[in-house]
Amino acid sequence: MDDLNEQMEVRRKKLLQLRESGVVPYPNDFRPKHVSSQILSEFGAVSDDHLRALPDDFTMAGRIMGIRSFGKASFFHLQDRGGRLQVYARQDRLGKEGYDLFKSLDVGDIVGVWGKLFRTKTKELTLEAHGLRLLCKCLRPLPEKWHGLADVEARYRQRYVDLMVNSEVREVFKRRSRIIRIIRRFFEDRDFLEVETPMMQPIPGGAAARPFITHHNALDMNLYLRVAPELFLKRLLVGGVERVFELNRNFRNEGVSVRHNPEFTMLEFYQGYATYEDLMTLTEELFVTVAKEILGSPKVSSGDQVIDLQPPWRRLSLTEAIEEYGKVKREEVATIEPLRAFARKNGLQVDTEIPYGNLLVEVFDKIVEPNLIQPTFVIGYPLEVSPLARKDDANPALVDRFELFIGGRELANAFSELNDPLDQRDRFLKQAQSRKIGDEPASAIDEDFLRALEYGMPPAAGEGIGIDRMVMLFTASSSIRDVILFPLLRPEH
RNA sequence: GGGCCGUUAGCUCAGCCUGGUAGAGCAUCUGCCUUUUAAGCAGAGGGUCGCUGGUUCGAGUCCAGCACGGCUCACCA
């Protein structure tokens with residue numbers, strides 16, 4: 001615990017004095033009957049005569065947020081989960097003893113208040129306190145009332161203070177909750193079953209990311225925090241769950257940035273008897289549904305740009321995109337050698353062993369991705385970067401896959417699923433080989449997943465949507481840390 | 001991991017270029033104040049200037065290293 005500064009000393013002393021005078025400073029027998037937001041919406045517009053006729057038993061609880069005191073009368077704002085309501089406390093209503101108790105309270109203390117509504121000279125709906133109780137003594141000073149808590153590091157480390165004093169932060173997380181609720185309803189309405197599959201997996205699969213490793217003591221075995229739920233959700237397709245989704249955490253042992261947090265929330269869903277093209281339509285519908293319910297419009301402002309989510313969204317193949325944004329002719333990127341030269345020219349370090357398809361995606365990430373502001377489905381992904389996707393019937397070097405980009409960020413990845421168990425085994429073997437070349441630990445082949453495919457998985461398409469990035473889009477947040485309550489930071493000290 | 005920037009009172013920030021014994025506002029404390037809302041008036045207290053070392057008669061200020069954070073590049077299906 002830190003050394004106590006003057007203000008913390010003062011608050012502790014007040015706490016001691018309250019105890020000595022018989023006040024219980026941390027009671028739990030107070031039951032508020034009203035919430036600020038309800039009171040404001042119900043009585044914010046009614047006449048003063050009507051207010052006078054209301055009973056005097058409005059009962060609220062919350063945190064004292066700003067005290068304006070004039071000797072024998074004071075105003076303050078009481079902040080609860082709904083927002084803030086002004087409270088008026090005066091000595092001739094609370095009595096000398098009651099008002100003295102109030103005078104000893106501090107900004108940040110949690111109190112219960114009851115009384116009668118009225119409107120002040122400045123027309124603000126206000127609760128005149130007929131009684132007031134301390135419900136929790138706050139022992140630390142709150143940040144400044146005007147600037148709030150601005151230090152980014154303090155905001156993330158002490159999110160509780162951030163939430164207390166920065167109302168726009170509360171709004172972001174309320175909106176996040178609403179978005180997730182809308183998504184759930186969207187899939188439930190379409191007969192998808194929500195499931196939970198293992199977070200701790202013996203063989204990490206479903207994405208090429210580096211996993212976190214942990215250990216199970218009783219079984220003496222290593223487990224991996226999942227990088228994706230994909231292989232388990234497909235087992236469910238095999239089992240007959242033809243429409244399934246999971247909305248939950250993934251963990252990737254990678255760097256931290258404005259768009260990456262090591263644990264992040266992913267929606268994955270699988271629909272039997274559908275193709276990746278069907279999922280494009282479904283994705284457009286999902287985003288428009290969320291946009292209309294959250295913003296009332298398919299247009300989203302993002303920084304100084306307006307993103308229009310009205311379908312249909314642009315569809316562009318990977319190579320077309322590179323031609324367009326790299327201002328390059330097709331033959332300059334059609335084979336590995338010219339592509340290498342082009343990549344180097346654009347400042348990429350080119351690994352001599354890198355396969356054509358992998359390099360193509362690297363070039364795309366560098367020169368195209370940041371420019372895809374309006375929603376764009378990029379299609380025509382190479383086979384070698386898509387070991388779980390179905391081959392394109394017309395061109396077996398490609399797969400039936402899209403990634404969705406909005407605001408220069410990847411938001412979704414989807415494909416028609418590979419359900420040929422023999423092809424899948426070959427792809428796994430190739431992946432394992434190419435991984436041995438690099439310094440990644442060679443990953444074991446998930447034999448149980450292949451066994452499941454051998455029983456037969458219905459033709460299907462599946463998609464993953466990065467929920468944090470989707471929330472960033474709908475809250476105009478530029479950093480993923482602003483939409484995750486407790487982003488990963490190094491420990492203090 | 002590289003580059004750039006930041007770290008000064010509980011909070012928000014000046015002060016650093018050009019070295020000379022630490023400043024403001026809010027908050028706190030004392031007094032006055034019964035319709036304020038960044039309430040007001042008068043007064044007071046509060047600092048390991050991120051940490052460690054160096055240069056100097058003297059370092060918040062200059063230099064180096066370290067820690068944490070931000071931006072960015074790299075990494076990242």
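Each chain gets a letter, A, B and so on, in the order its sequence line appears, and its residues count up from 1.
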> Over how many whole Å does the gap from A:Arg469 atom CZ to B:A77 atom P extend?
Replying inline: 12 Å
>> Can you work out whether A:Arg490 or A:Pro387 has the more 5'-proximal nearest nucleotide on RNA chain B?
In response: A:Arg490
>> What contact category does A:Ser69 fall into here, base, sugar-phosphate, or nothing, at under 4.0 angstrom with non-hydrogen atoms?
In response: base
>> Taking B:U28 as the reference, what is the distance to B:G70 when you measure between their P atoms (whole Å, please)?
In response: 31 Å
> NA contact type, A:Arg157, heavy-atom cut-off 4.0 Å: base, sugar-phosphate, or nothing?
Replying inline: sugar-phosphate
> By a strict heavy-atom criterion of less than 4.0 Å, which residues belonging to residues 71-83 of chain A are in contact with RNA chain B?
Replying inline: A:Gly71, A:Lys72, A:Ala73, A:Phe75, A:His77
Output side-chain donor-acceptor pairs under 3.5 Å for residues 62-75 of chain A, partner residues at least two apart or in another chain, one line each.
unit_1, atom_1, unit_2, atom_2, d
A:Arg63, NH1, A:Gly108, O, 2.8
A:Arg68, NH2, A:His77, ND1, 3.3
A:Arg68, NH2, A:Gln86, OE1, 2.8
A:Ser69, OG, A:Ser74, OG, 3.1
A:Ser69, OG, A:Lys103, NZ, 3.2
A:Ser74, OG, A:Tyr99, OH, 2.8

> If we take the C1' atom in both B:U7 and B:G47, what is their distance in whole Å?
Replying inline: 15 Å
> P atom, B:U61 versus B:G50: distance in rounded Å?
Replying inline: 8 Å
>> Between P on B:A77 and CG on A:Leu383, what's the gap in Å once rounded to a whole number?
In response: 16 Å
>> Please give the distance between the P atoms of B:A27 and B:A39 as a whole number of Å.
In response: 6 Å
> With A:Glu417, which residues qualify under salt bridge (charged side-chain N to carboxylate O under 4.0 Å, His left out), at least two apart?
Replying inline: A:Lys234
>> How close do A:Leu139 and A:Met8 get, counting heavy atoms only, and between which atoms?
In response: O-CG, 3.5 Å
> Which residues satisfy the side-chain contact (heavy atoms from CB on, under 4.5 Å) test with A:Ser302, sequence neighbours excluded?
Replying inline: A:Ile307
> Rounding to a whole Å, what distance do you find between A:Arg68:CZ and B:A39:P?
Replying inline: 6 Å
>> Rounded to whole Å, please give me the gap between CD in A:Glu362 and C1' in B:A74.
In response: 11 Å
>> Students often get this wrong, so: under 4.0 angstrom with heavy atoms, is A:Phe118 touching a base, only sugar-phosphate, or nothing?
In response: base
> Which of residues 38-52 of chain A sit near RNA chain B, with a heavy atom under 4.0 Å from it?
Replying inline: none
>> Rounded to whole Å, how long is the line connecting atom CD of A:Glu9 with atom P of B:G47?
In response: 12 Å
> Between B:C32 and B:C5, how far is it from one C1' atom to the other, in whole Å?
Replying inline: 47 Å
>> Please report the distance separating the P of B:A38 from the corresponding atom of B:G46, rounded so that it comes out in whole Å.
In response: 31 Å
> With sequence neighbours left out, what residues match A:Lys96 under side-chain contact (heavy atoms from CB on, under 4.5 Å)?
Replying inline: A:Gln91, A:Asp100
>> Between A:Lys137 and A:Asp106, does any NZ, NE, NH1 or NH2 come within less than 4.0 Å of an OD or OE carboxylate oxygen?
In response: yes
>> Under the rule for salt bridge (charged side-chain N to carboxylate O under 4.0 Å, His left out), what residues qualify as partners of A:Arg157, not counting sequence neighbours?
In response: A:Glu153
> Under the side-chain contact (heavy atoms from CB on, under 4.5 Å) test, which residues partner A:Ala61, sequence neighbours left out?
Replying inline: A:Phe30, A:Pro32, A:Leu135
>> Before you tell me yes or no, could you show the steps for A:Ile465 and A:Leu286 under side chain to side chain contact (heavy atoms under 4.5 Å, CB included), namely the whole-Å CA-CA distance, both residues' side-chain angles and the distance that decides it to 0.1 Å?
In response: CA-CA 11 Å; A:Ile465 298 180; A:Leu286 174 67; 3.7 Å; yes
>> Work out how far the C1' atom of B:U8 is from that of B:C16, and round it to whole angstrom.
In response: 11 Å
> On a whole-Å scale, what distance lies between the P atoms belonging to B:U55 and B:A64?
Replying inline: 15 Å
> B:C11 phosphate, OP1 or OP2: any side-chain N/O from A:Lys145 under 4.0 angstrom?
Replying inline: no
>> Need one value for A:Gly347: base, sugar-phosphate or nothing, where a base atom within 4.0 Å counts as base even if backbone is also close, heavy atoms only.
In response: nothing
>> List the residues meeting side-chain contact (heavy atoms from CB on, under 4.5 Å) with A:Pro370, not counting sequence neighbours, and say none if there are none.
In response: none
Write down the protein N/O and nucleotide N/O pairs, taken from nucleotides 70-73 of chain B, whose separation is under 3.5 Å; answer none if there are no such pairs.
unit_1, atom_1, unit_2, atom_2, d
B:G70, OP1, A:Arg481, NE, 3.4
B:G70, OP1, A:Arg481, NH1, 3.3
B:C71, OP2, A:Arg481, NH1, 3.3

> Does NZ or CZ of A:Arg235 come closer than 6.0 Å to the centre of the six-membered ring of A:Phe232, within 45° of the ring's axis?
Replying inline: yes
> Restricting to pairs with a member in residues 38-49 of chain A, which pass salt bridge (charged side-chain N to carboxylate O under 4.0 Å, His left out), not counting sequence neighbours?
Replying inline: A:Asp48-A:Arg119, A:Asp49-A:Arg52
> Checking all strands, does A:Lys123 fall into the base, sugar-phosphate, or nothing category for heavy-atom contacts under 4.0 angstrom?
Replying inline: nothing
>> Give the residues of residues 89-104 of chain A touching RNA chain B, defined as any heavy atom closer than 4.0 Å, sorted by residue number.
In response: A:Arg90, A:Asp92
> Rounded to whole angstrom units, what separation is found between the CD atom of A:Glu6 and the C1' atom of B:G45?
Replying inline: 5 Å
> When we call it a touch if two heavy atoms are under 4.0 Å apart, what does A:Tyr381 touch: a base, just sugar-phosphate, or nothing?
Replying inline: nothing
